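Quick notes on the structure that follows.
All figures in this text were calculated on a predicted structure; none of them were measured in a lab. Residues: numbered from 1 along the sequence shown.
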Amino acid sequence: MKKNEKTNVMRLFDKHKITYTSHFYTAAGAVAGREVATVLGQNPEQVFKTLVTVGKSGGHYVFVVPVTQELNLKKAAEAVGEKKIEMIKEKELLPLTGYVHGGCSPVGMKKVFPTVIDESSLQQETIMVSGGKIGCQVEVSLRELEKAIAFVTADLCGQ
(Lines give C-alpha, C1' and ligand atoms only; values in the text may rest on other atoms or scores of the structure.)
Protein backbone atom coordinates (compact mmCIF):
# COMPACT_ATOMS: atom_id res chain seq x y z
CA MET A 1 0.00 0.00 0.00
CA LYS A 2 1.38 3.41 -0.95
CA LYS A 3 1.79 6.00 1.79
CA ASN A 4 -0.45 8.52 0.03
CA GLU A 5 -3.19 6.01 -0.80
CA LYS A 6 -6.39 6.82 1.09
CA THR A 7 -8.55 4.08 2.56
CA ASN A 8 -12.30 4.37 3.08
CA VAL A 9 -11.58 4.96 6.78
CA MET A 10 -9.36 7.96 5.95
CA ARG A 11 -11.90 9.33 3.46
CA LEU A 12 -14.61 9.06 6.13
CA PHE A 13 -12.35 10.80 8.68
CA ASP A 14 -11.58 13.56 6.14
CA LYS A 15 -15.31 13.99 5.38
CA HIS A 16 -16.07 14.46 9.11
CA LYS A 17 -12.99 16.69 9.57
CA ILE A 18 -11.52 14.22 12.05
CA THR A 19 -7.91 14.72 13.12
CA TYR A 20 -5.92 11.50 12.72
CA THR A 21 -2.49 10.21 11.80
CA SER A 22 -2.05 7.33 9.39
CA HIS A 23 0.70 4.77 9.87
CA PHE A 24 1.78 2.37 7.14
CA TYR A 25 3.77 -0.82 7.47
CA THR A 26 4.78 -3.73 5.30
CA ALA A 27 2.68 -6.71 6.25
CA ALA A 28 5.14 -9.51 5.65
CA GLY A 29 3.29 -12.63 6.71
CA ALA A 30 1.66 -12.26 10.12
CA VAL A 31 -0.64 -9.39 10.97
CA ALA A 32 -0.80 -9.96 14.73
CA GLY A 33 -1.43 -6.74 16.62
CA ARG A 34 1.64 -6.97 18.84
CA GLU A 35 3.80 -7.33 15.72
CA VAL A 36 2.11 -4.32 14.12
CA ALA A 37 2.81 -2.26 17.27
CA THR A 38 6.47 -3.36 17.20
CA VAL A 39 6.89 -2.62 13.49
CA LEU A 40 5.38 0.84 13.97
CA GLY A 41 7.38 1.50 17.14
CA GLN A 42 4.15 2.11 19.08
CA ASN A 43 3.10 1.29 22.63
CA PRO A 44 1.17 -2.02 22.25
CA GLU A 45 -1.35 -0.82 24.85
CA GLN A 46 -2.27 1.98 22.44
CA VAL A 47 -2.83 -0.37 19.49
CA PHE A 48 -6.32 -1.90 19.35
CA LYS A 49 -7.80 -4.78 17.36
CA THR A 50 -11.35 -4.93 16.04
CA LEU A 51 -13.32 -8.11 16.74
CA VAL A 52 -16.73 -8.91 15.28
CA THR A 53 -19.11 -11.18 17.16
CA VAL A 54 -22.61 -12.59 16.98
CA GLY A 55 -24.96 -12.79 19.95
CA LYS A 56 -27.43 -15.49 20.92
CA SER A 57 -30.13 -13.15 19.53
CA GLY A 58 -28.43 -13.19 16.12
CA GLY A 59 -27.31 -9.56 16.43
CA HIS A 60 -23.76 -8.58 15.51
CA TYR A 61 -21.44 -6.55 17.74
CA VAL A 62 -18.05 -4.94 17.31
CA PHE A 63 -15.50 -4.95 20.13
CA VAL A 64 -12.27 -2.96 20.08
CA VAL A 65 -9.64 -4.20 22.53
CA PRO A 66 -5.90 -3.69 23.05
CA VAL A 67 -3.73 -6.09 21.03
CA THR A 68 -2.11 -7.07 24.33
CA GLN A 69 -5.41 -8.43 25.67
CA GLU A 70 -8.02 -11.05 24.82
CA LEU A 71 -11.74 -10.30 24.61
CA ASN A 72 -13.59 -11.79 27.59
CA LEU A 73 -16.75 -13.12 25.89
CA LYS A 74 -18.72 -13.07 29.14
CA LYS A 75 -17.91 -9.39 29.80
CA ALA A 76 -18.58 -8.57 26.15
CA ALA A 77 -22.01 -10.25 26.29
CA GLU A 78 -22.82 -8.29 29.47
CA ALA A 79 -21.75 -5.02 27.83
CA VAL A 80 -24.29 -5.48 25.01
CA GLY A 81 -27.07 -7.18 27.01
CA GLU A 82 -26.71 -10.62 25.41
CA LYS A 83 -26.83 -13.97 27.22
CA LYS A 84 -23.92 -15.24 25.12
CA ILE A 85 -21.76 -14.06 22.23
CA GLU A 86 -19.18 -15.76 20.05
CA MET A 87 -16.71 -14.68 17.41
CA ILE A 88 -18.03 -14.80 13.85
CA LYS A 89 -16.36 -17.19 11.44
CA GLU A 90 -13.52 -15.63 9.44
CA LYS A 91 -15.29 -16.35 6.12
CA GLU A 92 -18.28 -14.26 7.32
CA LEU A 93 -16.15 -11.16 8.03
CA LEU A 94 -15.77 -9.75 4.50
CA PRO A 95 -19.43 -10.14 3.41
CA LEU A 96 -20.66 -8.73 6.73
CA THR A 97 -18.25 -5.82 7.24
CA GLY A 98 -16.50 -5.22 3.93
CA TYR A 99 -13.14 -5.87 5.63
CA VAL A 100 -10.69 -8.77 5.59
CA HIS A 101 -9.15 -10.41 8.66
CA GLY A 102 -6.18 -8.28 9.73
CA GLY A 103 -7.63 -5.17 8.10
CA CYS A 104 -10.94 -4.85 9.93
CA SER A 105 -11.67 -1.35 11.21
CA PRO A 106 -14.51 -0.28 13.51
CA VAL A 107 -14.98 2.66 11.09
CA GLY A 108 -16.75 2.39 7.75
CA MET A 109 -18.25 -1.10 7.94
CA LYS A 110 -20.99 -2.00 5.45
CA LYS A 111 -23.57 -1.76 8.25
CA VAL A 112 -23.52 0.01 11.59
CA PHE A 113 -23.20 -2.41 14.49
CA PRO A 114 -23.23 -1.65 18.23
CA THR A 115 -19.60 -0.94 19.08
CA VAL A 116 -17.85 -1.22 22.45
CA ILE A 117 -14.28 -0.09 23.06
CA ASP A 118 -12.33 -1.44 26.03
CA GLU A 119 -12.24 1.08 28.87
CA SER A 120 -8.42 0.98 28.91
CA SER A 121 -8.70 3.30 25.88
CA LEU A 122 -9.71 6.07 28.30
CA GLN A 123 -6.15 6.07 29.68
CA GLN A 124 -4.67 6.70 26.22
CA GLU A 125 -4.36 10.11 24.58
CA THR A 126 -4.86 8.38 21.22
CA ILE A 127 -5.52 4.83 20.11
CA MET A 128 -4.60 3.08 16.88
CA VAL A 129 -7.10 0.97 14.95
CA SER A 130 -6.95 -0.58 11.52
CA GLY A 131 -7.15 1.89 8.68
CA GLY A 132 -9.30 -0.62 6.80
CA LYS A 133 -6.51 -2.45 4.97
CA ILE A 134 -3.68 -4.71 6.04
CA GLY A 135 -0.62 -2.46 6.26
CA CYS A 136 -2.45 0.62 7.49
CA GLN A 137 -3.33 1.86 10.98
CA VAL A 138 -4.96 5.15 11.94
CA GLU A 139 -4.21 6.92 15.21
CA VAL A 140 -7.07 8.96 16.63
CA SER A 141 -8.36 10.27 19.96
CA LEU A 142 -11.62 8.86 21.31
CA ARG A 143 -13.16 12.35 21.10
CA GLU A 144 -12.36 12.50 17.38
CA LEU A 145 -13.42 8.88 16.80
CA GLU A 146 -16.85 9.73 18.26
CA LYS A 147 -17.44 11.98 15.23
CA ALA A 148 -17.24 8.91 12.97
CA ILE A 149 -18.86 6.09 14.96
CA ALA A 150 -21.12 5.69 17.96
CA PHE A 151 -19.54 3.60 20.72
CA VAL A 152 -19.53 3.00 24.45
CA THR A 153 -16.65 1.93 26.65
CA ALA A 154 -16.69 -1.03 29.02
CA ASP A 155 -14.35 -3.47 30.73
CA LEU A 156 -13.98 -6.14 28.05
CA CYS A 157 -10.80 -7.97 29.02
CA GLY A 158 -9.42 -9.96 31.90
CA GLN A 159 -11.24 -12.13 34.40
Problem set entry | Sequence neighbours excluded - ring-ring contact (aromatic ring centres under 6.0 Å, His included) pairs with any residue from residues 130-159 | none

Exercise. If you round to the nearest 0.5 Å, how far is CG of Leu51 from CG of Leu71?
Worked result: 5.5 Å

Exercise. What residues, two or more places apart in sequence or in another chain, satisfy ring-ring contact (aromatic ring centres under 6.0 Å, His included) together with Tyr20?
Worked result: Phe13

Exercise. Does anything in residues 37-58 pair up under ring-ring contact (aromatic ring centres under 6.0 Å, His included), and if so which pairs, sequence neighbours excluded?
Worked result: none

For this session: Using modelled atom types only, decide if a donor and an acceptor are shared between the side chain of Thr153 and the backbone of Asp118 within a distance under 3.5 Å.
Result: no

Exercise. Any salt bridge (Lys or Arg N to Asp or Glu O under 4.0 Å) pairs touching residues 93-111, not counting sequence neighbours?
Worked result: none

For this session: Apply side-chain hydrogen bond (donor to acceptor under 3.5 Å, both in side chains) to Thr19 and list each qualifying residue two or more places apart in sequence or on a separate chain.
Result: none

Seminar exercise, completed: Residues at least two apart in sequence or cross-chain that pass side chain to side chain contact (heavy atoms under 4.5 Å, CB included) with Ile88, listed by chain then number, are Val52, Val54, His60, Glu92, Leu93, Leu96

For this session: Please list, chain by chain and in numerical order, all residues satisfying side chain to side chain contact (heavy atoms under 4.5 Å, CB included) with Lys74, sequence neighbours excluded.
Result: Asn72

For this session: Any salt bridge (Lys or Arg N to Asp or Glu O under 4.0 Å) involving residues 145-157? Give me the pairs, sequence neighbours left out, ordered by first then second residue.
Result: Lys75-Asp155, Glu144-Lys147

Seminar exercise, completed: Taken to the nearest 0.5 Å, the spacing of Leu156 CG from Ser121 OG works out to 9.0 Å

For this session: Can you run down the salt bridge (Lys or Arg N to Asp or Glu O under 4.0 Å) pairs that involve residues 52-72, sequence neighbours left out, and say none if there aren't any?
Result: Lys49-Glu70

For this session: Return the set of residues passing side chain to side chain contact (heavy atoms under 4.5 Å, CB included) with Val152 (not counting sequence neighbours), or none when no residue passes.
Result: Val116

Exercise. For Glu45 and Ser120, what are the C-alpha separation, side-chain angles and deciding distance, and is it a side-chain hydrogen bond (donor to acceptor under 3.5 Å, both in side chains)?
Worked result: CA-CA 8 Å; Glu45 293 182 10; Ser120 66; over 6 Å; no

Please tabulate, one pair per line, all N/O donor-acceptor pairs under 3.5 Å involving side-chain atoms of residues 122-131, not counting sequence neighbours.
residue: Thr126; atom: OG1; partner: Gln46; partner atom: NE2; Å: 2.7
residue: Thr126; atom: OG1; partner: Glu139; partner atom: OE2; Å: 2.8
residue: Ser130; atom: OG; partner: Gly103; partner atom: O; Å: 3.3
residue: Ser130; atom: OG; partner: Gly132; partner atom: N; Å: 3.0

Exercise. Does Glu82 reach the main-chain N or O of Ser57 with its side chain, forming a donor-acceptor pair under 3.5 Å?
Worked result: yes

For this session: Any chance you could measure Lys133, atom NZ, to Cys104, atom SG, to the nearest 0.5 Å?
Result: 14.5 Å

For this session: List in chain and number order the residues that pass side chain to side chain contact (heavy atoms under 4.5 Å, CB included) with Asn8, two or more places apart in sequence or in another chain; answer none if no residue qualifies.
Result: Arg11

